[in-house]
Asks: 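Could you have a look at this structure, given as C-alpha cells, before my questions?
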Amino acid sequence: MHRLTFYPLGNADTCLVETSAGAVLLFDYAAMADPDDPSDRRIDLPRAIRERLDVLGRDHVDVLALTHLDQDHIQGVSDFFVLEHASKYQGRGRVKISNLWVPAAAITESKETLTDDGRAVQAEARYRLQRGEGVRVFSRPAALKEWLAEHGLTIESRAHLITDAGQLVPSFKKDADCVEFFAHSPFADREDGKLVDRNSGSLVLQATFTAAGRDSRLMLGGDVSYEIWTRIVTVTKAHANDHRLEWDVFKLPHHCSYLSLGPEKGRQVTKPVPEAVWLFEHQGAVRSIAVATSDPIPARDTDQPPHRQAAAYYRGVSVGHRGKFFVTMEHPTQHSPKPLVVVVDRLGARLWTGAEPGGTVVPAPTVVRPRKPYAR
C-alpha cells in the first residue's frame, strides 16, 4: 500500500509520499506555523514529519523534491535538513536527504533574488551537482550549460543527473519500485538565469503507483499558470502521451488560484481555457480526489488565492467525476485541520479510514473506479 499525506499549512505545500516498496519522498517542505501564535491552526510541520519518520524507523528521506524556490514551498528547509555543503546545517536531529530534486532555475537563479532558505537550497543543489551525485536537476536550459562551464563542467558530464520534460525519472522503475515519475515541466526555454518566473518554471510531475496490477496516478501541479498547462497539454497530446496526464489524485496548482485555469477570475466560476477543461474534466478518474493546498475558501472575492471562483470550478469537476474536492485547511474542519491521508492499493486511491493523532477519524473511503468520459 502507498500512502500520500497532504499537510494543512495555509497557502503552502508539503506532500509526504510513502511507497509500498519502502521509499519515502517529500514534495516541498514549508514549515509555516507560527509557534508564538496559539490561534495558528497550521500544523507544526517539523514535529509531524519527525514523528512519521520515527514510525518508519528513518533518519532520512530518499527524495526531497522542491518544486521551486518560493518561500511557501521551502520555508524552514535550512533549519530541518542536513545540508552537506556547510557544517552549520549539520548535526544531530536534522533529517538527511539522499537525493535532492530541483528545477534548473534553482541552480541558475541569481542568489540576490532568493531568501535565506532559497540560498541554502541553491548552495546545496550546486554542491551536489558539482560533486556529481545526490541531486536531480529538471531541464537543461542554456543558463545551466553556462553555469556548468563556469565551474569546469559540461552538460554531458552531468547528463545522468538531468531529467528533461517528457522523460521518466530514471531512479524509479515501476516494476521494481512500484512507482514511476514522469516530468512535464519545466521546459528548457523558461529560464535565462537572470529573471526567473519560478511559478512557470516549477516542477510538474505525474507519479504512477502500481498495486496488485492496478495503476493509480498522482498529479503534482506545482504553481504553474494556465499558459504552462496549455503548453503541457499541447505537447503531451502531440506525442500521443495522453495517459501521462491521467489522474486519480490531483494536488491542485498554486493554492487554488484562478490563474492556473484561465486569464479571468469570473464572477461566480472561473472559465478555464480548453486545455484545462480537457486536463481536469476528461483526464480525471471517476471518484477522483482533488486537493487544494490552501487556506479555507473565502466567501468573498480576494486578490490572493485561494479564489472562490476557482474552487467553484474544481467542485464542479469533482461532482462530474463523482469524486471529492478537499481543502487542506478545511479538512476535516476549519476549526481543527488535520493531515489529509490518501492510500493507494488494489482498490485504487481512497481516503485513509484510520484515526489521525488526537482521535480524529478520516471520512469514509473514496474508491477510484475506472475512467469514463466526463459528463456535464
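Numbering of residues begins at 1 and proceeds along the displayed sequence.
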Asks: Do C15 and L26 come close enough that some side-chain heavy atom pair is under 4.5 Å?
Replies: no
Asks: Answer yes or no: is there an ion pair linking E51 with R47, defined by an N-O contact shorter than 4.0 Å?
Replies: yes
Asks: Below 30° counts as parallel, above 60° as perpendicular, anything between as tilted: where do the rings of W101 and F27 land?
Replies: perpendicular
Asks: If you measure from NE2 on H335 to CD on E330, what distance do you get to the nearest 0.5 Å?
Replies: 14.5 Å
Asks: Is the ring centre of F280 less than 6.0 Å from the ring centre of Y314?
Replies: yes
Asks: Is E180 salt-bridged to R244, cutoff N-O under 4.0 Å?
Replies: yes
Asks: Pairing donors with acceptors under 3.5 angstrom, does anything connect the side chains of Q130 and R158?
Replies: no
Asks: Describe, in one word, how the ring planes of F181 and F172 are oriented to each other, choosing from parallel (under 30°), tilted (30 to 60°) and perpendicular (over 60°).
Replies: perpendicular
Asks: Is V249 close to F6 at the side-chain level, that is, under 4.5 Å between some pair of heavy atoms?
Replies: yes
Asks: Whether the side chain of T302 engages the backbone of Q304 through a donor-acceptor N/O pair (distance < 3.5 Å, no angle test) should be reported.
Replies: yes
Asks: Verify ring pair (Phe, Tyr, Trp, His ring centres under 6.0 Å) between F81 and Y29, making sure each step is shown before the conclusion.
Replies: CA-CA 10 Å; F81 294 98; Y29 177 91; 5.1 Å; yes
Asks: Would you call D301 and K265 a salt bridge, using N to O less than 4.0 angstrom?
Replies: no
Asks: Charged N to carboxylate O under 4.0 angstrom, R350 versus D345?
Replies: yes
Asks: For Q206 and L245, what are the C-alpha separation, side-chain angles and deciding distance, and is it a side chain to side chain contact (heavy atoms under 4.5 Å, CB included)?
Replies: CA-CA 7 Å; Q206 182 207 52; L245 285 173; 5.7 Å; no
Asks: Output the distance between atom OG (S185) and atom NE2 (H68), rounded to the nearest 0.5 Å.
Replies: 11.0 Å
Asks: Any side-chain heavy atom of F80 sitting closer than 4.5 Å to one from R50?
Replies: yes
Asks: Indicate yes or no for a side-chain donor-acceptor contact from K251 to the backbone of G222 under 3.5 Å, with no hydrogens or angles considered.
Replies: yes
Asks: Are V17 and V179 side-chain neighbours, meaning at least one heavy-atom pair lies under 4.5 Å?
Replies: no
Asks: Is any NZ, NE, NH1 or NH2 atom of the basic residue among R42 and D40 found under 4.0 Å from an Asp or Glu carboxylate oxygen of the other?
Replies: yes
Asks: Could you report the tightest heavy-atom contact between S20 and C178, atom names first, then the distance?
Replies: OG-CB, 3.5 Å
Asks: Is any side-chain heavy atom of T163 closer than 4.5 Å to one of F138?
Replies: yes
Asks: Rounded to the nearest 0.5 Å, what separation is found between the CG atom of L205 and the OG1 atom of T67?
Replies: 9.0 Å
Asks: Linking I/L/V/M/F/W/Y whenever their side-chain heavy atoms sit closer than 4.5 Å, directly or via other members, would L45 and V121 fall into one cluster?
Replies: yes
Asks: Would you check if P8 and M329 make a side-chain contact, meaning some heavy-atom pair closer than 4.5 Å?
Replies: yes
Asks: Kindly say whether V63 contributes a backbone atom to a donor-acceptor pair with the side chain of N99 at under 3.5 angstrom?
Replies: no
Asks: A side-chain contact here means heavy atoms from C-beta on lying under 4.5 Å apart; do L252 and V291 qualify?
Replies: no
Asks: As a quick check of understanding, evaluate side-chain hydrogen bond (donor to acceptor under 3.5 Å, both in side chains) for S202 and D223, giving each step before the final call.
Replies: CA-CA 6 Å; S202 64; D223 274 4; over 6 Å; no
Asks: Quick one: does P306's side chain get under 4.5 Å of N11's, heavy atoms only?
Replies: yes
Asks: Say whether D215 and T208, considering side chains only, have a donor N or O and an acceptor N or O under 3.5 Å apart.
Replies: no
Asks: Taking atom CD of E264 as the centre, does the number of heavy atoms from other residues, nucleotides or ligands within less than 6.0 Å exceed 12?
Replies: no
Asks: Looking at K237 and D242, is any side-chain nitrogen of the basic one under 4.0 Å from a carboxylate oxygen of the acidic one?
Replies: no
Asks: Tell me whether H255 contacts the main-chain N or O of T293 through its side chain, where contact means a donor paired with an acceptor under 3.5 Å.
Replies: yes
Asks: Report yes or no: does R322 contribute a side-chain atom to a donor-acceptor pair with the main-chain N or O of V286 at less than 3.5 Å?
Replies: no
Asks: Could you grab the distance from atom OG1 of T113 to atom CZ of R119, nearest 0.5 Å is fine?
Replies: 9.0 Å
Asks: Over 60° means perpendicular and under 30° means parallel, so tell me whether W247 and F250 are parallel, tilted or perpendicular.
Replies: perpendicular
